[in-house]
Every structure is written in C-alpha cells, then in structure tokens.
Amino acid sequence: MNIVLLHGSWHGAWCWHKVVPHLQAAGHVVHVPDLPAHGRHWRLARGRTTLADMARHVCRLVDALDGPVFIVAHSRGGIVASTVAEMVRPGKVAGVAYLAAYMLQSGERVADFFRQDRDSLVRTHLRIHRATLTDSLAPEAYRETLYADCSDADVALASALLTPEPALPALTRLKLTPERYGRVRRHYIELTQDRAVTIALQRQMQAASLCASVASLDASHSAYFSCPDRLAQTIHQMAQGG
C-alpha cells in the first residue's frame, strides 16, 4: 500500500523518521512530503501559503502514484488530508488516519476549534506574528506542549528544526462534500496524554464524524517520536483494512 505521511504545524517530513522504517518493513511504500512553507521549503511564501497550496502539493504526489493511497495526517495536517480527499479523483484515497488531528466538517475551521480547546497548552504558548501571517510556539514550551514523553535527543532535534507556521490555513473553512470526502473511510488515532490537541477535543471530533475505526495510544502529541513502533503497527492495521 502507498502510505503518505503528512506532518502537522511547525514540523516537516523529518518528524516521521522513526516511523518510516517500521512501515517499510511491513511492506508499505512510504511517501513523506514537506508541505509548502515547511521543512526544507519553509522560507518560500511562508505567511502567504494557503490551505489550497498545501492540498494541491499533496494531490500532485498522490496522483502520480500507482494504485490507491492511504493518508496519515498529524495535528493541523488533518485539514490538508481532508482537502486532498475532497480534491482527488474518487477511489484514489483508500482511507485517511487522523493522528490527534483536526478532523473537521465542511464549513468548520481550525481557529474555532482551537479556541474551544481550553486545556491545550498551545493556547498558552502560541505566538502570533501578524506582520508575516505566521504563528509559532514559545521555545521554552516545546517539551511540555509537544514532547512530554519524548527523549532529550528528540526534543533537541525538533528544537533545531521547527519553523513558523503559515496562519491562513487555520483560518480557512473547509469545503467538503458527501460525494467526494464523504466516501473516504476515516480512521482516528487518539493520543490520550496529548497536551496540544487534548483528548477531549479529539473525542469531540470523533463523535461528530463517522469513523471506520478508532485506536488509542497512551502518548503525548508526538507519538512518532515516543512510540514509533506502536504507531506504525496501528497505521499498518488501519491501512490493511482500507
């Protein structure tokens, strides 16, 4: 199975480096793009980057692959996955797994759900940069907010590679239809110790959307660092089920 891994806010393709070998060992072909204005390309367009820009970038990758694709999206990357599922030709996306991700309905936007998540530490430590239309997390809050159960080496890697996040996608209301996005099987991987997208919000989003399956990991927001083997096994099982 082709598996496409989409990173979340401030991260890049690099954050999946522990998960990829496990999925490859299970027989999957894994694709890990940097979204526009992230990772190696973070200086390009930055605050002017839209949700549509990100989705089109992933659609080009998906359309070029032979056979169906299973998408895994982390955190704010969930809105990219949903938009891709809406845009690509029917049947191309076999399923989407939302990893503590924003799994929203048509007409909803991340900004509104972010405000509802009152126990999220991101609310406390988020910095808005209006001049550049980006946001970032206060460095002193990296560990407690994103990497509570991760090693010092993981935190050091992330601290060196995190970049500002374009703000426009979080302000964009999704446009999803029953005929396209509605036919894609959705799975949810909840992270019970998450301090960024709290478990309460994760379960609120699950309750509002019909999921083919739900898995639970006792981990904080960055399970790809703290338990990559268990995460990969969960993704494998979901992908096998379509």
Side-chain angles (χ1 to χ4, degrees), residues 5-20 32-44 46-47 49 54 72-81 98-102 110-111 113-171 189-202 205 217-232:
L5 304 176
L6 301 182
H7 61 79
S9 300
W10 314 305
H11 290 70
W14 52 268
C15 71
W16 296 102
H17 74 97
K18 290 185 178 181
V19 175
V20 171
V32 194
D34 279 322
L35 294 176
H38 293 80
R40 293 166 297 173
H41 313 299
W42 77 273
R43 293 183 183 276
L44 302 177
R46 289 210 293 173
T49 301
M54 295 183 184
V72 182
H74 181 238
S75 196
R76 213 184 302 190
I79 59 173
V80 180
Y98 294 82
L99 173 61
Y102 285 93
V110 169
F113 281 74
F114 172 75
R115 296 188 185 100
Q116 297 174 25
D117 202 7
R118 298 192 180 280
D119 292 329
S120 169
L121 294 181
V122 174
R123 286 173 53 91
T124 304
H125 300 292
L126 190 71
R127 296 174 173 176
I128 307 296
H129 311 289
R130 300 188 184 281
T132 58
L133 292 176
T134 60
D135 61 62
S136 62
L137 197 65
E140 62 271 18
Y142 286 169
R143 178 181 284 280
E144 66 171 339
T145 305
L146 303 177
Y147 313 113
D149 56 351
C150 300
S151 70
D152 290 343
D154 292 331
V155 177
L157 174 68
S159 298
L161 295 176
L162 293 178
T163 57
E165 178 74 16
L168 292 179
L171 300 173
I189 306 173
E190 61 178 32
L191 303 178
T192 60
Q193 301 302 317
D194 202 327
R195 301 177 181 181
V197 181
T198 67
I199 188 61
L201 180 59
Q202 293 176 51
M205 292 185 289
L217 296 179
D218 185 24
S220 70
H221 193 59
S222 300
Y224 40 66
F225 285 160
S226 61
C227 56
D229 51 348
R230 287 187 288 134
L231 175 58

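Index from 1, following the sequence. Side chains are part of it too, since the values below use all heavy atoms of this structure and drop only hydrogens, waters and symmetry mates.
Using a 4.5 Å heavy-atom cutoff, the side chains of Ile79 and Pro169 are in contact. Side-chain contact between His125 and Glu144: present, with at least one pair of heavy atoms (C-beta onward) separated by less than 4.5 Å. Put simply, the side chain of Leu137 does not reach to within 4.5 Å of the side chain of Leu162, judged on heavy atoms. Side-chain contact between Phe113 and Met205 is present, with at least one heavy-atom pair separated by less than 4.5 Å. Looking at Lys18 and Tyr224, their side chains never come closer than 4.5 Å, going by heavy atoms from C-beta outward. Between Leu6 and Pro33 the shortest side-chain heavy-atom distance falls below 4.5 Å. Asp194 is not listed as a side-chain neighbour of Ile199, based on a closest heavy-atom distance of 4.5 Å or more.
In this structure a side-chain-to-backbone donor-acceptor pair under 3.5 Å is present from Glu165 to Trp10. At least one donor-acceptor pair closer than 3.5 Å links the side chain of His38 to the backbone N or O of Pro36. Under a 3.5 Å cut-off, the side chain of Arg123 and the backbone N or O of Arg115 do form a donor-acceptor pair. The backbone N or O of Val122 sits nowhere less than 3.5 Å from a side-chain atom of Thr145 that would complete a donor-acceptor pair. In this structure, the side chain of Ser75 does not engage the main chain of Ala101 through any donor-acceptor pair within 3.5 Å. Judged by distance alone, with hydrogens and angles left aside, the side-chain atoms of Gln116 form no donor-acceptor pair with the main-chain N or O of Leu201 at under 3.5 Å. Side chain of His11 to backbone of Cys15: no donor-acceptor contact under 3.5 angstrom is found.
With values rounded to the nearest 0.5 angstrom, Gln193 atom CD is found 11.0 Å from Glu190 atom CD. Separating the SG atom in Cys227 from the CG atom in Leu217 is a distance of 5.0 Å, to the nearest 0.5 Å. From Ser136, atom OG reaches atom CD1 of Ile128 across 8.0 Å, with rounding to the nearest 0.5 Å. Between Asp117 atom CG and Arg195 atom CZ the span is 14.0 Å, to the nearest 0.5 Å. Rounded to the nearest 0.5 Å, atoms CG (Asp135) and CZ (Phe114) are 8.0 Å apart. From Leu35, atom CG reaches atom OG1 of Thr49 across 10.0 Å, with rounding to the nearest 0.5 Å.
Classification of the His74-His221 ring pair by plane angle, with boundaries at 30° and 60°, yields tilted.
Considering all non-hydrogen atoms of both residues, Leu171 and Ala111 come closest at CD2-CB, 3.9 Å. Summarising the geometry of Tyr98 relative to Gly78, their closest heavy-atom pair is CE2-O, 3.6 Å, with the distance given to 0.1 Å. Between Pro166 and Met54, the shortest heavy-atom distance links the atoms CG-CE, 4.2 Å. Heavy-atom minimum distance, Ala13 versus His7: N-CD2, 3.7 Å. Of all heavy-atom pairs spanning Ser220 and Leu191, the tightest one is O-CD1, 3.2 Å. Heavy-atom minimum distance, Ala219 versus Ala223: CB-CB, 4.1 Å.
Few gaps surround CG on Asp229; more than 12 heavy atoms of other groups in view lie less than 6.0 Å from it.
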- Query: Given Leu157 and Tyr147, is the side-chain contact (heavy atoms from CB on, under 4.5 Å) satisfied, shown in steps?
  - Reply: CA-CA 11 Å; Leu157 174 68; Tyr147 313 113; over 6 Å; no
- Message: Show, in sequence, the C-alpha distance, side-chain angles and deciding distance for Val19 and Val72, and conclude whether the side-chain contact (heavy atoms from CB on, under 4.5 Å) test is met.
- Response: CA-CA 12 Å; Val19 175; Val72 182; over 6 Å; no
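Using a 3.5 Å distance cut-off with no hydrogens or angles, the side chains of Asp34 and Trp14 do not pair a donor with an acceptor.
One finds a salt bridge joining Asp152 and Arg143 here, because a Lys/Arg side-chain nitrogen approaches an Asp/Glu carboxylate oxygen to under 4.0 Å.
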